[in-house]
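Have a look at the structure below before the remarks.
Everything numeric in this text was worked out from a predicted model, so none of it was measured. A, B, ... follow the sequence lines: proteins, then strands. Residue 1 opens every chain.
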Amino acid sequence: MPYLQRTFFERSALFVAPDLLGCTLVRLKDGIRLAGVIVETEAYQGEEDLGCHARAGRTPRTEIMYGSAGHAYIYFTYGMHWMLNVVTEREGYPAAVLIRAILPQEGLDEMTRLRPNLARTAHWTDGPGKLTQALDLNGGMNGLDLCAPASPLFIEPAGQATAVAQMVTGPRIGLTSVPEPWKSIPWRFRPKI
DNA sequence: GGCCCGATACTCT
DNA sequence: GAGTATCGGGCCC
């Protein structure tokens, strides 16, 4: 099965984020497939979105978000965690979707090695900082093109799209000092259990 | 199961 | 220099 092409990502983050639910995030590491189904995303878009890093305008860090869709925006936060986002929208407009959680499917042995302190599979990748650890992603992969042939990181389409009725939305996590309406705007997406 | 708290370093002011 | 799109351990139910 092919992977998601650039046109998929060249849309509003508000469409891409829910559409990514059920898709499979794949990381090729030394020929091994580390993969999981995406089960939580958040949309960040525009300089007017005060929860988005681009609120400060173009800086060396946010430059990637202004670039072409389908590229990885991987940044460092809290002194120890890497976060994986996928750039969306047209070039010049800063927007991205944060991938917050996946369900591990393939490469479980390798993930065991990358997450040595956790015994239970479900908790290996149920947070944005956790899944980058489990997939061995870090700043070295910032700017990677997920739509390029033979990319070590890409996303496979969902067998079946998640219907709106089977989806839960809510405020984005961790925006403690962000003013309203951005703090509470329901741009976080999960499948209903 | 949940709450509290410290770790830790990068980005922009 | 302040703030941060978090995690995991310790503790208490």
Side-chain angles (χ1 to χ4, degrees), chain A residues 9 12-21 23 25 27 34 36 38-67 69 71-89 93-104 111-144 146 153 155 167-190 193:
Chain A
F9 300 104
S12 164
L14 296 179
F15 290 121
V16 175
D19 284 356
L20 280 176
L21 298 179
C23 295
L25 178 65
R27 155 80 159 120
L34 308 182
I38 297 171
V39 290
E40 185 176 352
T41 59
E42 286 177 0
Y44 291 86
Q45 58 166 4
E47 296 178 354
E48 65 279 6
D49 172 8
L50 298 182
C52 180
H53 287 162
R55 62 182 174 272
R58 274 187 197 253
T59 66
R61 179 174 66 156
T62 61
E63 188 61 31
I64 297 275
M65 264 202 288
Y66 288 81
H71 289 252
Y73 169 44
I74 302 177
Y75 69 89
F76 189 78
T77 192
Y78 287 114
M80 59 184 84
H81 297 297
W82 295 98
M83 306 279 158
L84 171 65
N85 301 247
V86 186
V87 175
T88 69
E89 272 276 5
Y93 184 87
V97 172
L98 170 66
I99 298 178
R100 289 189 58 88
I102 63 174
L103 294 178
M111 288 190 207
T112 306
R113 202 181 62 73
L114 290 163
R115 307 278 294 137
N117 297 323
L118 289 180
R120 287 176 298 171
T121 316
H123 292 279
W124 286 344
T125 56
D126 60 352
K130 296 183 183 182
L131 76 88
T132 54
Q133 279 185 55
L135 300 185
D136 192 26
L137 299 173
N138 54 57
M141 304 199 117
N142 189 30
L144 202 68
L146 275 58
L153 185 66
I155 300 175
M167 214 175 280
V168 183
T169 62
R172 295 169 293 181
I173 302 296
L175 305 189
T176 52
S177 61
V178 173
E180 301 291 358
W182 310 109
K183 185 173 180 174
S184 302
I185 200 165
W187 285 358
R188 175 180 181 227
F189 304 87
R190 286 175 296 164
I193 305 172

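Across all strands, A:L98 comes closer than 4.0 Å to base atoms (heavy-atom distances). Using a 4.0 Å heavy-atom criterion, one finds that A:G51 contacts the bases of the nucleic acid, with or without backbone contacts as well.
Within the model, atoms CG of A:L135 and CG of A:L114 stand 8.0 Å from one another, a figure rounded to the nearest 0.5 Å. In this structure, CZ on A:R27 lies 9.0 Å from CG on A:L144, to the nearest 0.5 angstrom.
Taking 4.5 Å as the limit, some side-chain heavy atom of A:L25 sits within range of a side-chain heavy atom of A:L153. Side-chain contact between A:M65 and A:C52 is present, with at least one heavy-atom pair separated by less than 4.5 Å. The closest side-chain heavy-atom distance from A:T88 to A:Q45 is not below 4.5 Å. For the pair A:F189 and A:L21, the minimum side-chain heavy-atom distance is below 4.5 Å.
Rounded to whole Å, atom C1' of B:dC10 lies 13 Å from atom CG of A:N142. Rounding to whole angstrom units, CG of residue A:N138 and P of B:dA9 are separated by 15 Å. Atom CZ of A:R188 and atom C1' of C:dT6 are 13 Å apart (whole Å). Rounded to whole Å, atom C1' of B:dA9 lies 10 Å from atom CH2 of A:W82. Across the protein-nucleic acid pair, A:N85 atom CG and C:dT6 atom P stand 11 Å apart, rounded to whole Å. In this entry the distance linking CG of A:D49 with P of C:dA5 reads 11 Å, nearest Å. Rounded to an integer number of Å, the gap from CG of A:L84 to C1' of C:dT6 is 15 Å. Rounded to whole Å, the distance from CD on A:E42 to C1' on C:dT6 is 12 Å.
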Pairing string of DNA chain B (Watson-Crick or G-U wobble, both atom distances under 3.5 Å; | = paired to other strand) is |||||||.||||.
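A:T59 pairs by the side-chain hydrogen bond (donor to acceptor under 3.5 Å, both in side chains) definition with A:T62, not counting sequence neighbours. Remark: A:R58 pairs with A:E63 by the side-chain hydrogen bond (donor to acceptor under 3.5 Å, both in side chains) rule, at least two apart or across chains. Judged as a salt bridge (charged side-chain N to carboxylate O under 4.0 Å, His left out), and not counting sequence neighbours, A:E47 has no contacts. In terms of the side-chain hydrogen bond (donor to acceptor under 3.5 Å, both in side chains) criterion, residue partners of A:E40 (sequence neighbours excluded) are, by chain and number, A:R100, A:R188.
Residues in residues 123-137 of chain A take part in these side chain to side chain donor-acceptor pair (under 3.5 Å) pairs, two or more places apart or across chains: A:K29-A:D136, A:R115-A:Q133, A:H123-A:D126, A:D126-A:K130. Sequence neighbours left out, the pairs with a member in residues 171-185 of chain A that pass salt bridge (charged side-chain N to carboxylate O under 4.0 Å, His left out) are A:D49-A:R172.
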Review item, nucleotides 11-13 of chain B N/O atoms under 3.5 Å of protein N/O:
| residue | atom | partner | partner atom | Å |
| --- | --- | --- | --- | --- |
| B:dC12 | OP1 | A:T59 | OG1 | 2.0 |

At a cut-off of 3.5 Å, list every protein nitrogen or oxygen paired with a nitrogen or oxygen from nucleotides 3-8 of chain B, distance to 0.1 Å.
| residue | atom | partner | partner atom | Å |
| --- | --- | --- | --- | --- |
| B:dT8 | O2 | A:Y78 | O | 2.7 |

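The side chain of A:R100 places an N or O atom within less than 4.0 Å of a non-bridging phosphate oxygen (OP1 or OP2) of C:dT6.
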Quick tally for nucleotides 8-13 of chain C: nucleotides whose base has a protein heavy atom under 4.0 Å get B, sugar-phosphate-only ones S, the rest -, giving S-----
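Summarising the geometry of A:A13 relative to A:A95, their closest heavy-atom pair is CB-CB, 4.5 Å, with the distance given to 0.1 Å.
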For residues 77-87 of chain A, please give each side-chain donor-acceptor pair under 3.5 Å, one per line with the distance, not counting sequence neighbours.
| residue | atom | partner | partner atom | Å |
| --- | --- | --- | --- | --- |
| A:N85 | ND2 | A:Y73 | O | 3.2 |

